[in-house]
Amino acid sequence: MPIINTATLSAASRLDLSTNQQVYCGLDSCITLEVFDKIHLDHPVDPAIYSFERALQGPYMEIMQRGIAVDKLARFKATGELHEQMDRARAILDEFAGAIWDRPLNPRSPKQLKEFFYDKLKIPEKWISIKGERKLSLNREVLEKLSDEYLFARPFVSLILTYREMAKQLELFETEIDRDGRFRASYNIAGTETGRPSSSENAFGTGGNAQNIAPGLRYIFCSDPGYRMCVIDLEQVEARDVGFFCGCLFGDWTFLDNCESGDLHTNNAKLIWPERPWTGNPKEDKEIAEQIFYREFSFRDMAKRGGHLSNYYGTAWTAARSLKVPSQIMEDFQARYIRGDASRGIVPAYPAIARWWQWTAEQLETVGHITTPFGRKRHFFGRPNDDTTLREAIAFLPQSTTADRMNLGLWKVWHAMPQIQLLAQTYDSITFQYPESLDENSIIEEALALLKVELVSPSGRKYSVPGEAKVGWNWGRQVTPADQERARAAGKRVPRLNPDGLIKWSRSKPDARSRLVGLARIA
DNA sequence: ATTCCCAGCGCG
DNA sequence: AAAGCGCGCTGGGAAT
């Protein structure tokens, strides 16, 4: 091996290209070592977290190298159809726009849209606020408002939104895949503040983010011939974590108890609206919860969607905007849910969540960092009394705990089950495939058990998050004709087109499970 | 021709 | 007064 002493190198050394690159590479490696020493001497990291991050290189390298098979025909068809529809939408839009200002209108150009709507059509400007900055936006929300308020804007808005939506979908279908027909994403294990992995285009420039693919488009990814695909997700994991923290910090287990006993959102609805005629029978109560509360939203919907936003210190104003209901509706909701309202005699269902916010604010003021149950510590460098900092800190704890739980489960599955092949990780779920010849029951059973990562509260309460498994031949909602073709070619039973695609695997009821497994086999 | 930033939007 | 957080990718358009 050649030894090159860089201390004695100069421009006059005239290294050949290959040697030069070796020097470059060697120096790069030295940087890594220097960083390592610096981190460990000056800023000791929890050795468990550090070792864990290193250990994750194994399974993630495997996921990255394996990639996921792409159903080429499905992809090709979708691409063609989208192009056709987009061309049509664009042609109509240009024709309409031509009548207004004698030139075309690019729906993806905010600049042109601003000129068109605000200068040419003279619609009053709509400003929005993002992270404290006022912006003149024409995003979906603003366009929908224009459409509501100005009849003549409707055809334009409709075409623009349709076009943008299709363009977004096309991004996935036109992502370059590898010559062997596989989509290989890169995963960054240590790239985020929370411990979540992130995903992006790989080092060779192909593939893309595997974690933001719309569920409706996932069907183009499929298991390899002779393999079945399985997705296991952790049920309502972040909500349960919030409940766990409330229990650990204040001994108030109300929220977690509700997560763990039957239908979380119905139980939340019962606590939030105690005056409804609940019967105590889970089935009847769910029906009552599914009655309409406001517009198309049931009480259960409100508990679910409004609850999630509210847990993370979202204001009633924001929640109202997101659910498209009047602010007063969400004010009332939040009063009953967490915040209470003494002036109206409203006692909140989950006051501990507000105490958790308070606790978080105190941590920021006193020590400036927060440590998760897994030992992951995050420093907050923003102003401790700034709402933005508080929100980051509030979101950190459940988000990071979920990330580590999922990754620990992923590692355990990878380590203990060489017969399965990991394909993807999407924050609260993992996707893998396994040979069809193996016993599906025991595979899923074992994976579910391994994914159960147990935490124990200071008071000794054990806590884990149940997983739910779905199985099928592709990653999507629909079994495609290609799947049928493949099953036929493989001499297997031909799957029928199923609106669910991946067939649901009930976790908690063994009898129902065996029944559904049978169904999955037939399908 | 390339690089950079922004707006917009997908996921959990 | 501002009004969940965490990511990555694309096209438009300006700057280099």
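Convention: sequence-line order gives letters A, B, ...; per-chain numbering from 1.
The pair A:Asp241-A:Arg405 meets the salt-bridge criterion, since a charged nitrogen lies less than 4.0 angstrom from a carboxylate oxygen. Looking at A:Glu125 and A:Arg134, no side-chain N of the basic residue comes within less than 4.0 Å of a carboxylate O on the acidic one, giving no salt bridge. A salt bridge is absent between A:Asp71 and A:Arg75: the closest approach of a Lys/Arg side-chain nitrogen to an acidic carboxylate oxygen does not fall below 4.0 angstrom. Ion pairing of A:Glu171 with A:Lys168 is present here, as a side-chain N (NZ or NE/NH1/NH2) and a carboxylate O approach within less than 4.0 Å.
Here the P atom of nucleotide B:dG12 and the CZ atom of A:Arg405 are 18 Å apart, to the nearest Å. As rounded to whole Å, 10 Å separates atom P of B:dC11 from atom CD of A:Gln169. Protein atom OH of A:Tyr312 is 18 Å distant from nucleotide atom C1' of C:dA3, rounded to whole Å. Per the geometry, CD belonging to A:Glu133 stands 11 Å off P belonging to C:dA3, to the nearest Å. Between A:Ile130 atom CD1 and B:dA7 atom C1' there is a gap of 8 Å when expressed in whole angstrom units. In this structure, the CG atom of A:Asn385 is 16 Å from the P atom of C:dA2, given to the nearest Å. For the pair A:Met166 CE and B:dC9 P, the interatomic distance rounds to 14 Å; values are reported in whole Å. As a whole-Å value, the separation of A:Arg108 CZ from B:dG10 P is 11 Å.
For the OP1/OP2 pair of B:dG10 and a distance below 4.0 Å, the side-chain nitrogens and oxygens of A:Arg218 include no atom meeting the criterion. Residue A:Ser129 has a polar side-chain atom (N or O) positioned under 4.0 Å from OP1 or OP2 of C:dA3. Phosphate contact (OP1/OP2 of B:dA7, side-chain N/O of A:Lys135, threshold under 4.0 Å): present.
Under the 30°/60° scheme for interplanar angles, the aromatic rings of A:Tyr313 and A:Trp357 are found to stand perpendicular. Aromatic ring pairs are classed by plane angle as parallel below 30°, tilted from 30° to 60° and perpendicular above 60°; the pair A:Phe221 and A:Phe183 is perpendicular.
Counting atom types as modelled, A:Gln399 pairs a side-chain N or O with a base atom of C:dC5 as donor and acceptor under 3.5 Å. A:Asn212 contributes a side-chain N or O that forms a donor-acceptor pair with the base of B:dG10 under 3.5 Å.
Using a 4.0 Å heavy-atom distance criterion, A:Ser199 is classed as a sugar-phosphate-only contact. Residue contacts shown for A:Asn311 are absent, as no nucleic acid heavy atom lies under 4.0 Å away. When heavy atoms are screened at a 4.0 angstrom cut-off, A:Arg391 is found touching the sugar-phosphate backbone but no base atom. Nucleic acid contact class of A:Gln112 (heavy atoms, under 4.0 Å, all strands): sugar-phosphate only. Across all strands, A:Ile394 comes closer than 4.0 Å to no nucleic acid atom at all (heavy-atom distances). Contact annotation for A:Leu138: backbone-only contact, meaning every heavy-atom pair under 4.0 Å involves sugar-phosphate atoms and none involves a base. At a threshold of 4.0 angstrom between heavy atoms, the contacts of A:Arg140 are confined to the sugar-phosphate backbone, with no base atom among them. Using a 4.0 Å heavy-atom cutoff across all strands shown, A:Arg378 reaches sugar-phosphate atoms only and no base atom.
Among C:dC5, C:dG8, B:dA7, the nucleotide with an atom closest to any side-chain atom of A:Glu392 is C:dC5. Taking the side chain of A:Glu193 as heavy atoms from C-beta on, and the options B:dG12, B:dG8, C:dG6, the nearest nucleotide is C:dG6. Side chain of A:Arg164, nearest nucleotide from C:dG6, C:dC5, B:dC9: B:dC9. The side chain of A:Ser109 sits closest to C:dG13 out of B:dC11, C:dG13, C:dC9. Closest to the side chain of A:Ser200, out of C:dC7, C:dC9, B:dC11, is C:dC9. Side-chain atoms of A:Ser137 lie closest to B:dG8 of the nucleotides B:dG10, C:dG6, B:dG8. Comparing atom distances between the A:Tyr427 side chain and each of B:dC11, C:dC5, C:dC9 picks out B:dC11 as nearest. Residue A:Lys111 has its side chain nearest to C:dG13 when only C:dG13, B:dG10, C:dG12 are considered.
Comparing A:Asp387 and A:Asn202 against DNA chain C, the residue whose closest nucleotide sits nearer the 5' end is A:Asp387. Remark on DNA chain C: of its neighbouring residues A:Gly191 and A:Leu309, the 5'-side contact belongs to A:Leu309, judged by nearest-heavy-atom nucleotide.
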Using Watson-Crick or G-U wobble pairs with both distances under 3.5 Å, give me DNA chain C in dot-bracket, 5' to 3', with [ ] for crossers and | for pairs to another strand.
....||||||||||||
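Going from the P atom of B:dA7 to that of C:dA3 covers 15 Å, rounded to whole Å.
For A:Glu133, the CD atom sits in a loose shell: 12 or fewer heavy atoms of surrounding residues, nucleotides or ligands are nearer than 6.0 Å. The number of heavy atoms from other shown groups lying within 6.0 Å of CZ (A:Phe250) is above 12.
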Walk me through whether A:Arg103 and A:Glu115 qualify under salt bridge (Lys or Arg N to Asp or Glu O under 4.0 Å).
CA-CA 12 Å; A:Arg103 59 183 171 114; A:Glu115 283 175 42; 2.9 Å; yes
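Ring-base stacking between A:Trp317 and C:dA3 is satisfied, the centre separation being under 5.5 Å and the plane angle under 30°.
The only option from A:Glu149, A:Glu144, A:Glu141 that meets the salt bridge (charged side-chain N to carboxylate O under 4.0 Å, His left out) definition with A:Lys126 turns out to be A:Glu149.
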